[in-house]
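Please read the structure below before turning to the comments.
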Amino acid sequence: MEQIKKKRKRYRLGMGILMGASLFLTAGLVLFFIGYILGNGLPNITWELLTTGPSYLQERIGILPDILNTVYIVMATLILVIPLGVGAAVYLTEYATNKKIVSVIEFAAEILTGIPSIIYGLVGMLLFSNHFGTCLMAGALTLVIMNLPTVMRTTQESLKTVPRSYREGAFGLGAGKWRVVRTVVLPGCIDGVITGCILSVGRILGESAALLFTAGFAHAINDILYGLSAPGATLTVALYVYAKEQGEFGIAFAIAAILLILTLIICLAAELVQNSFRKRRCI
Amino acid sequence: MKKKQFMENSIHGIFFMMGFIAVACVLLITVYLIISGIPAIGKIGIFEFLLGREWASTAADAKFGILPFILSSIYGTLGAIAIGVPIGFMCAVYLSKMAPAGVKRAMQLAVSVLAGIPSVVYGLVGMLVLVPAVRTIFGVPDGAGLFASIIVLAIMILPTIIKMSITALDAVPKEYEDASLALGAAPVETYFRVSVPAAKSGIAAGVVLGVGRAIGESMAVMMVAGNGANMPDSLFQSVRFLTTAVAGEMSYASGLQREALFSIALVLFVFIMIINGVLNYFLKREKV
Amino acid sequence: MKKTVIGLLIFALGFSGLAGCGNAGKATVTTDGSTSMEKTIGCLGEAFEMETGIRVTYNPTGSGTGIQAVLDGRCDIGLSSRELKTDELQEGLEGTVLAYDGIAILVHPDNPVSDLSRETLGAICKGEITDWSQIGGPAGEIVLIGREAGAGTRDGFEAAIDAKGMCKYRQELTSTGDVITTVSRNPGAIGYASIASVKENVKVVTIDGISPTDEHIATGSYKIRRPFILVTKKDASLSENARKFYDYMTSGEAEDIISFAGVVPANSVTE
């Protein structure tokens with residue numbers, strides 16, 4: 001009996017130590033990362049950095065073009081991926097009757113999430129850049145395919161929470177399917193769409209491999225229409241180029257700090273939306 | 001009435017097409033990869049390509065063996081899993097079952113932020129902190145290599161493992177744990193002997209996702225791996241993975257070299273499909 | 001509340017879109033190629049744009065790709081940091097030498113070695129000399145850092161030390177800046193990069209007693225140098241804007257800018 005007691009005690013101790021060590025390691029890692037990036041990056045963020053473009057003659061580096069490129073690509077991607085993703089989700093939950101078709105589509109979405117970003121970059125280059133040239137639009141189209149499963153999934157989840165009684169009520173009143181979808185179902189899934197948007201923005205911000213070969217890495221300040229048809233580096237791609245190819249680590253850290261802060265904002269925003277979503281559901 | 005029916009049908013058709021966009025994309029990607037990847041494999045010979053040990057794409061007598069890349073990718077992923085899964089798993093058990101609510105929320109936010117950090121930032125920190133550290137701690141001439149890549153990959157998959165494991169562990173019905181505690185088991189024993197097995201499939205799904213992320217990572221690894229086309233004989237060898245082989249040479253490759261790079265991408269794609277398929281098959285069997 | 005937030009977001013996005021306004025439909029000249037030429041082309045392009053309002057775009061893809069881009073018609077002027085090969089010339093390309101660039105041999109600032117002969121360099125690269133103690137430095141393995149296989153800089157370096165295709169690198173990096181960074185962080189490293197890009201974080205060694213100054217590169221006494229070449233199609237004529245840029249770059253007034261960028265203008269080279 002004593003033997004077993006001792007063994008159990010040792011087991012509990014051992015596991016406790018492992019858990020504590022893991023937590024300590026992970027927490028330490030996170031603190032180190034955030035501290036290191038902010039510590040090295042924040043001092044380098046100047047007004048000049050944020051509002052000018054790079055100049056060789058004046059030997060100055062500015063990231064305004066990269067910021068603008070990032071905004072353009074996010075806008076272009078969202079404008080395309082939201083209708084497509086919502087449409088696919090609506091089809092899956094409202095129109096599709098054949099279970100096999102549903103599972104095929106969901107399987108395809110699952111495959112899309114598993115494909116590495118470098119392959120997206122390659123295929124994007126073959127599909128889009130060879131026809132449209134290296135431009136932000138080609139990058140945006142590649143990002144649309146990458147983020148389609150995300151938007152589909154979050155929209156589907158929120159569509160499922162619209163109570164059946166709402167739909168049945170509308171049908172009962174004589175409305176056609178499209179009208180039901182338009183007036184009853186879609187408004188109910190706005191929160192899911194917003195979550196999908198936020199998650200996509202987060203993913204787009206962090207994407208680099210897919211954009212290297214499709215959107216290029218030019219640093220010119222353009223307006224949105226011209227910018228989409230010209231090559232341009234987003235913040236993440238610019239970070240890579242400045243760090244690896246030019247050794248400008250001050251700039252790289254500044255961009256990293258900006259991206260870190262943006263990631264934090266996005267995580268908080270996603271959580272906020274999820275919370276308000278949950279509150280809504282409980283009604 | 002007919003007009004309404006017509007509109008209903010056309011809307012249905014539009015949604016049908018939208019639904020199939022995902023399928024169309026997958027087909028498009030697969031077809032393009034196959035079309036671009038097959039020619040080089042045909043010219044080089046599939047065994048010479050997959051099992052050849054030497055990659056010298058621009059030498060006068062060009063060789064295109066990608067075994068070094070395949071092995072490096074496998075070792076790198078295995079190493080990342082070996083380090084990342086235990087740590088992430090232990091963390092998740094603690095956070096899900098034993099941590100006070102404030103600590104849990106704070107760590108979950110921290111882990112989410114970690115998950116959202118772009119891979120190039122990981123590469124940057126790895127390049128500036130990890131590589132010199134490896135060089136001084138282990139006394140190797142150059143810190144960039146397989147070991148540094150494994151560490152970076154392990155850190156990158158940590159958030160995925162933790163998040164999915166916490167979700168799976170949180171979903172274990174409280175009754176299971178209560179029953180175990182009532183029978184006299186200590187909390188720690190309950191968590192590891194009852195909750196964890198109950199959450200097995202969720203945790204395993206997290207590991208599968210982690211594997212996918214590790215094997216598909218290119219940017220972070222490109223900054224710490226050295227990128228020499230060597231067989232991964234030693235842990236500190238400068239190595240190139242399937243992903244970095246494509247990314248590294250793509251911008252200036254032409255002719256057969258370029259086609260060979262597409263073939264590498266095809267091999268990577270097939271690899272990932274196989275791994276996901278096999279792992280998911282075992283997962284589904286476990287569930288039943 | 002939600003509607004206000006959404007409205008504000010759209011307004012903010014639209015405003016940022018206007019921030020880049022005024023650039024639509026600008027005339028452009030496209031260049032593509034060597035990463036070593038980035039600073040040179042960057043300075044020339046910027047000065048050119050200030051003078052004429054024509055924008056110059058540059059894609060740093062490497063000499064080999066730049067040459068291919070001209071052939072494919074994807075860019076106006078290609079940039080190569082090595083001589084054109086015979087088969088490239090046969091495809092109808094011609095090159096104009098814009099400047100000469102010295103390839104500096106770099107070591108860590110703490111490395112006591114200050115001078116190497118070309119033979120020693122060749123031996124290091126081929127793997128015949130592997131330890132710093134064999135050439136007057138502290139004991140430690142020599143870590144050879146080089147460029148990727150298609151780089152013009154690697155081509156020029158290996159040709160100058162008679163070790164073409166025979167070099168065994170510990171790391172093969174894809175850009176000039178990367179080599180400099182890597183050497184600056186490893187006390188046992190040795191690498192090569194365009195002298196124009198070198199900063200104070202690495203030490204430049206002299207080759208056979210000659211340092212890569214502008215003068216030595218111009219007279220040819222510093223042996224490890226290579227040309228910066230503008231690649232164009234022989235039979236096809238350049239677009240009007242490209243022709244203007246080409247003439248600008250090869251004119252006398254551009255020489256100051258080329259020197260500012262750290263390379264030696266072709267006209268100043270005597271050998």
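All values below were derived from every heavy atom in this structure, side-chain atoms included, with hydrogens, water molecules and symmetry-related copies excluded. Note that this is a predicted model, so its numbers are computed, not measured. Here is the naming used below: chain letters follow the sequence lines, and residue numbers restart at 1 for every chain.
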Requested in this report: Before giving the answer on side chain to side chain contact (heavy atoms under 4.5 Å, CB included), spell out for B:M18 and A:Y91 the whole-Å C-alpha distance, their side-chain angles and the decisive distance to 0.1 Å.
Outcome: CA-CA 7 Å; B:M18 284 188 171; A:Y91 177 74; 5.7 Å; no
Report task. Please indicate whether B:R105 has more than 12 foreign heavy atoms, meaning atoms of other residues, nucleotides or ligands, lying under 6.0 Å from its CZ. Result -> no
Query - Contact class of A:I119 relative to chain B, heavy atoms under 4.5 angstrom - result: side chain
**Report entry** Best-contacting candidate, A:G121, A:A21, A:G202, A:A88, against chain B by heavy atom pairs under 4.5 angstrom
**Finding:** A:A88
Report task. Count the heavy atoms of every other residue, nucleotide or ligand shown that sit under 6.0 Å from CZ of A:F107, and state whether that count exceeds 12. Result -> no
Report task. Show your working on side chain to side chain contact (heavy atoms under 4.5 Å, CB included) between B:T77 and B:F271 and close with a plain yes or no. Result -> CA-CA 12 Å; B:T77 309; B:F271 236 72; over 6 Å; no
Requested in this report: Return yes if some donor-acceptor pair links the side-chain N/O of B:S112 with the main-chain N/O of B:Q108 below 3.5 Å, else return no.
Outcome: yes
Report task. Kindly determine whether A:I111 and B:M273 satisfy side chain to side chain contact (heavy atoms under 4.5 Å, CB included), including the steps that lead there. Result -> CA-CA 8 Å; A:I111 293 186; B:M273 292 296 120; 3.6 Å; yes
Query raised in the report: Using non-hydrogen atoms only, which part of A:L199 is less than 4.5 Å away from chain B: side chain, backbone, both, or neither?
Result: neither
Query - Leading residue by heavy atom contact count with chain A [cutoff under 4.5 Å; candidates B:V125, B:I21, B:V103, B:V121] - result: B:V125
Report task. Enter the distance from A:I4:CD1 to A:K6:NZ here, rounded to the nearest 0.5 Å. Result -> 12.5 Å
Query raised in the report: Could you give the distance from CD1 (B:I157) to CD1 (B:I215), rounded to the nearest 0.5 Å?
Result: 11.5 Å
Query raised in the report: Which one of B:A247, B:G212, B:P187, B:A92 has the most heavy-atom pairs closer than 4.5 Å to chain A?
Result: B:A247
Query raised in the report: Tell me, side chain or backbone of B:S36 under 4.5 Å from chain A's heavy atoms, or both, or neither?
Result: side chain
**Report entry** Interchain contact, B:L28 with chain A, by part (heavy-atom threshold 4.5 Å)
**Finding:** side chain
Query - Residue B:L114 versus chain A: region with a heavy atom under 4.5 Å - result: side chain
Query raised in the report: Can the ring centroids of B:Y94 and B:Y191 be said to lie less than 6.0 angstrom from one another?
Result: no
Report task. Using a strict cut-off of less than 4.0 Å between a Lys/Arg side-chain nitrogen and an Asp/Glu carboxylate oxygen, indicate whether A:R153 and A:E106 qualify as a salt bridge. Result -> no
Report task. Let me know if B:M223 has heavy atoms under 4.5 Å from chain A in its side chain, its backbone, both or neither. Result -> both
Report summary line: Applying a strict 4.5 Å limit to non-hydrogen atoms, the region of A:I105 in contact with chain B is both
Requested in this report: Could you look at A:L18 and say if it's the side chain, the backbone, both or neither that has a heavy atom under 4.5 Å from chain B?
Outcome: both
Requested in this report: May I ask you to name which of B:V246, B:I155, B:V93, B:L158 has the most heavy-atom pairs under 4.5 Å with chain A?
Outcome: B:I155
Requested in this report: Identify whether NZ of Lys or CZ of Arg in A:R12 sits under 6.0 Å from the centre of the six-membered ring of B:F192 and within 45° of that ring's axis.
Outcome: no
Query raised in the report: For A:E110, is it the side chain, the backbone, both or neither that has a heavy atom under 4.5 Å from a heavy atom of chain B?
Result: side chain
Report summary line: Cut-off 4.5 Å, heavy atoms of chain B, and the answer for A:F24 is neither
Report summary line: Applying a strict 4.5 Å limit to non-hydrogen atoms, the region of B:E189 in contact with chain A is both
Report summary line: So, the part of B:M17 with a heavy atom under 4.5 Å from chain A: the answer is neither
Query - Contacting region of A:F32 [heavy-atom separation from chain B under 4.5 Å] - result: side chain
Query raised in the report: B:L95 versus chain A, heavy atoms under 4.5 Å apart: side chain, backbone, both or neither?
Result: side chain
Query raised in the report: Under a 4.5 Å heavy-atom cutoff, which of B:G216, B:G19, B:G123 has the most pairs with chain A?
Result: B:G19
**Report entry** Pairs of heavy atoms under 4.5 Å with chain A: top-ranked of B:C91, B:A115, B:G116
**Finding:** B:C91
Report summary line: Whatever's closer than 4.5 Å to a heavy atom in chain B on A:L212 counts as side chain
Report task. For the pair B:Q257 (side chain) and B:A260 (backbone), establish whether a donor and an acceptor sit closer than 3.5 Å, ignoring hydrogens and angles. Result -> no
Query raised in the report: Taking every heavy-atom pair that is under 4.5 Å apart, which of B:L27, B:L128, B:V111, B:V113 has the most such pairs with chain A?
Result: B:L128
Query raised in the report: chain B heavy atoms under 4.5 Å from A:R203: which part of the residue, side chain, backbone, both or neither?
Result: neither
Report task. Please look at B:L266 and chain A and tell me whether the side chain, the backbone, both or neither of the residue comes under 4.5 angstrom of a heavy atom of that chain. Result -> neither
Report task. Could you tell me which portion of B:S119 (side chain, backbone, both or neither) has an atom closer than 4.5 angstrom to a non-hydrogen atom of chain A? Result -> both
**Report entry** Close aromatic pair by centroid cut-off 6.0 Å: A:F249 and A:Y242
**Finding:** no
Query - Atom pair CG (A:L143) and OG1 (A:T234), whose distance is rounded to the nearest 0.5 Å - result: 8.5 Å
Query - Pick from A:E271, A:M125, A:M152 with the largest number of heavy-atom pairs that fall under 4.5 Å of chain B - result: A:M125
Query - Under 4.5 Å from a heavy atom of chain B, the part of A:E207 involved - result: neither
**Report entry** Proximity breakdown for A:L31 and chain B, heavy-atom pairs closer than 4.5 Å
**Finding:** neither
Query raised in the report: How long is the gap from CG on A:L264 to CD1 on A:I34, to the nearest 0.5 Å?
Result: 7.5 Å
Query - A:L259, part contacting chain B, at a heavy-atom distance under 4.5 Å - result: side chain
Report summary line: Cut-off 4.5 Å, heavy atoms of chain A, and the answer for B:L33 is side chain
Requested in this report: Determine the option with the most heavy-atom pairs under 4.5 angstrom with chain B, choosing from A:V237, A:V90, A:L239, A:L92.
Outcome: A:V90
Report task. Mind checking the CE-CG spacing from B:M164 to B:L209? Nearest 0.5 Å is all I need. Result -> 6.0 Å
Requested in this report: Return the option, out of A:L84, A:L260, A:L126, with the maximum number of heavy-atom pairs under 4.5 Å with chain B.
Outcome: A:L126
Query raised in the report: Given B:I29 and A:L112, is the side chain to side chain contact (heavy atoms under 4.5 Å, CB included) satisfied, shown in steps?
Result: CA-CA 9 Å; B:I29 293 176; A:L112 283 181; 4.0 Å; yes
Query - Identified side-chain contact (heavy atoms from CB on, under 4.5 Å) partner of A:T70 from the options A:L262, A:V201, A:L205, A:I63 - result: A:L205
Query raised in the report: With a 6.0 Å cut-off on ring centres, are B:F69 and B:F241 close enough?
Result: no
Query raised in the report: Does any heavy atom of chain A fall under 4.5 Å from the side chain of B:L124, the backbone, both, or neither of them?
Result: side chain
